[in-house]
Amino acid sequence: MRYRPPAVVPLDRILPDEPLLMMGAGPVPIPARVAEANSIVINHLGETMNRVIEQVKEMARYVFQTQSARVLGVAGPASAAMEMAVCNLVEPGTKVLSVCNGYFSRRLAEMATRCGADVALLELGITESADPDQVEQAIRRECPKVLTLVQGETSNTVWNSQLPEIAAIARKYDCLVVVDAVCTLSTMDMEMDTWGVDAVITGGQKGLSSIPGVSLLAFSELAWKRIESRNAPMAHWCLDARLADRFWNLKSYHYTAPVSGIMAIHEALRLICNETLPARFHRHEISSRALQGGVAAMGLDLFVPEQARLNSVVGIKLPEGISPDAVRHHMSQVYRVEVSGAFGLDILRVGQMGEQCRAHHVFRTLHALGSSLRAAGASVDMPSGVAELERILAEGQIG
Ligand SMILES: *Cc1c(COP(=O)(O)O)cnc(C)c1O
């Protein structure tokens with residue numbers, strides 16, 4: 001033997017003694033049932049798996065608010081689902097318009113470009129949400145066949161709140177609408193059928209509170225027709241929607257499905273169905289507003305003005321001279337709370353997705369943030385922050 005086994009330590013010597021509370025921009029904490037389900041391995045084909053898949057699709061249709069038969073899963077990050085949506089709907093030369101107001105919307109544009117699409121960008125300011133009139137002008141100018149945008153830009157915490165109006169406009173011009181709802185699906189309203197969205201993308205580790213690495217997406221019937229009539233062959237075999245449809249709708253083999261991750265998503269979806277979407281949206285809205293209110297009452301500024309502000313991830317500006325990385329490090333080392341920095345922006349981001357929207361998690365996070373800012377030399381009004389957090393939570397009656 002030329003190679004010797006490396007000297008490594010078991011995982012418990014690498015992981016912290018006490019798990020960190022994951023309050024960043026994802027992955028988010030997962031419920032115990034999801035964790036248990038994720039430890040199961042069964043045959044990826046056969047009667048048992050078929051029943052699981054049937055239920056996953058039924059529950060996903062509720063969560064996506066669609067009746068579409070084309071609900072598919074993918075073994076891969078949310079980015080794989082993004083790529084699956086984009087590369088099945090565009091061919092070399094297809095005209096695409098990408099609304100860009102952050103890192104992930106730009107990723108959709110990049111993916112379309114790599115598929116050979118002719119991509120036009122509608123660039124918006126860093127804290128600006130998409131305006132329907134502006135999108136309509138761009139559609140008239142560019143005549144795209146596909147429009148891409150995000151519902152919530154996790155990267156800079158901007159919400160494209162006028163998505164319904166934008167989707168309606170795109171439909172008038174026979175342009176399919178691809179929406180990245182990775183951080184927003186099941187945290188706020190996203191009515192695929194009613195709004196006329198043609199592809200909705202989500203991941204596991206954000207709004208759904210499942211594990212990273214297994215993702216879901218849904219195509220409308222209109223989008224499916226476009227896929228079935230495409231001329232160019234799909235370059236990506238794994239991401240070919242028609243092949244994936246074999247597994248997800250025809251009970252046959254595409255690749256070995258990520259069975260454990262599908263079990264996890266099944267349980268995550270089931271918990272959402274038990275909670276119901278209206279109650280879940282309310283919990284997210286109150287929790288996020290309470291956190292935002294608490295942060296503001298502590299004397300900090302939020303990054304995005306209220307009308308464009310996303311609830312699923314909260315962007316927080318820090319006082320002059322305070323380093324976000326130092327605060328994050330202190331929060332994590334001393335209080336065992338993990339929050340995110342931002343892609344090149346000088347802000348902290350606190351997630352409000354799924355299990356992150358629980359009163360005890362939000363209190364702990366606000367306390368860790370305030371105390372760590374103090375330790376870094378900032379002056380913050382912790383009592384007012386906590387009082388405001390409590391007031392809004394009590395008003396919204398969530399626990
Ligand atoms: C996290 C995120 C993604 C990417 O998810 P991965 O699982 O890392 O690929 C895409 N879009 C949005 C809006 C996200 O929040």
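Order of appearance sets the numbers: ligands from 1, and atoms from 1 within every ligand.
The closest side-chain heavy-atom distance from Arg61 to Val71 is below 4.5 Å.
With Asp198 as the fixed residue, the salt bridge (Lys or Arg N to Asp or Glu O under 4.0 Å) test singles out one of Arg70, Arg226, Arg171: Arg171. Looking at His360, Glu355, His361 one by one, the single match for side-chain hydrogen bond (donor to acceptor under 3.5 Å, both in side chains) with Arg358 turns out to be Glu355.
Near Ser79, meaning under 4.0 Å from any of its heavy atoms, are these atoms of ligand 1: 4 (C), 6 (P), 9 (O). Taking a cut-off of under 4.0 Å to the non-hydrogen atoms of Met82, the atoms of ligand 1 that pass are 10 (C). Residue-ligand proximity, Gly152 to ligand 1, at heavy-atom distances under 4.0 Å covers atoms 13 (C). Applying the 4.0 Å criterion to heavy atoms of Ala78 picks out, from ligand 1, the atoms 4 (C), 5 (O), 6 (P), 7 (O), 9 (O).
Taking CE from Met23 and CZ from Arg349, the interatomic distance works out to 13.5 Å, rounded to the nearest 0.5 Å.
Taking the six-membered ring for Trp and the full ring otherwise, the centers of His44 and Tyr253 sit less than 6.0 Å from each other.
When the heavy-atom distances from atom 12 (C) of ligand 1 to Leu108, Val179, Thr184, Asp180 are ranked, the shortest goes to Asp180.
Taking atom 3 (C) of ligand 1 as the reference point, the nearest protein heavy-atom neighbour is Phe104 CE2, 3.3 Å. Protein heavy atom at the shortest distance from atom 2 (C) of ligand 1 is Lys206 NZ, 2.5 Å. Closest to atom 15 (O) of ligand 1, if we only count protein heavy atoms, is Thr154 OG1, 2.3 Å.
Residue-ligand proximity: Gly203 is placed with every non-hydrogen atom at 4.0 Å or more from ligand 1. For the pair Gln205 and ligand 1, a heavy-atom separation below 4.0 Å is found. Within the 4.0 Å heavy-atom shell around ligand 1 one does not find Gln151. The closest approach between a heavy atom of Val150 and any atom of ligand 1 is not below 4.0 Å.
In the displayed structure, Glu306 atom CD is contacted under 6.0 Å by at most 12 heavy atoms of other residues, nucleotides or ligands. Annotation: Gln65, atom CD; neighbour count of heavy atoms from other residues, nucleotides and ligands within 6.0 Å is above 12.
At a heavy-atom distance under 4.0 Å, no atom of Glu153 approaches ligand 1.
Hydrophobic cluster membership is shared by Val214 and Ile40, with clusters built from Ile, Leu, Val, Met, Phe, Trp and Tyr side chains linked at under 4.5 angstrom.
Of all heavy-atom pairs spanning Leu89 and Ala223, the tightest one is CD2-O, 3.7 Å.
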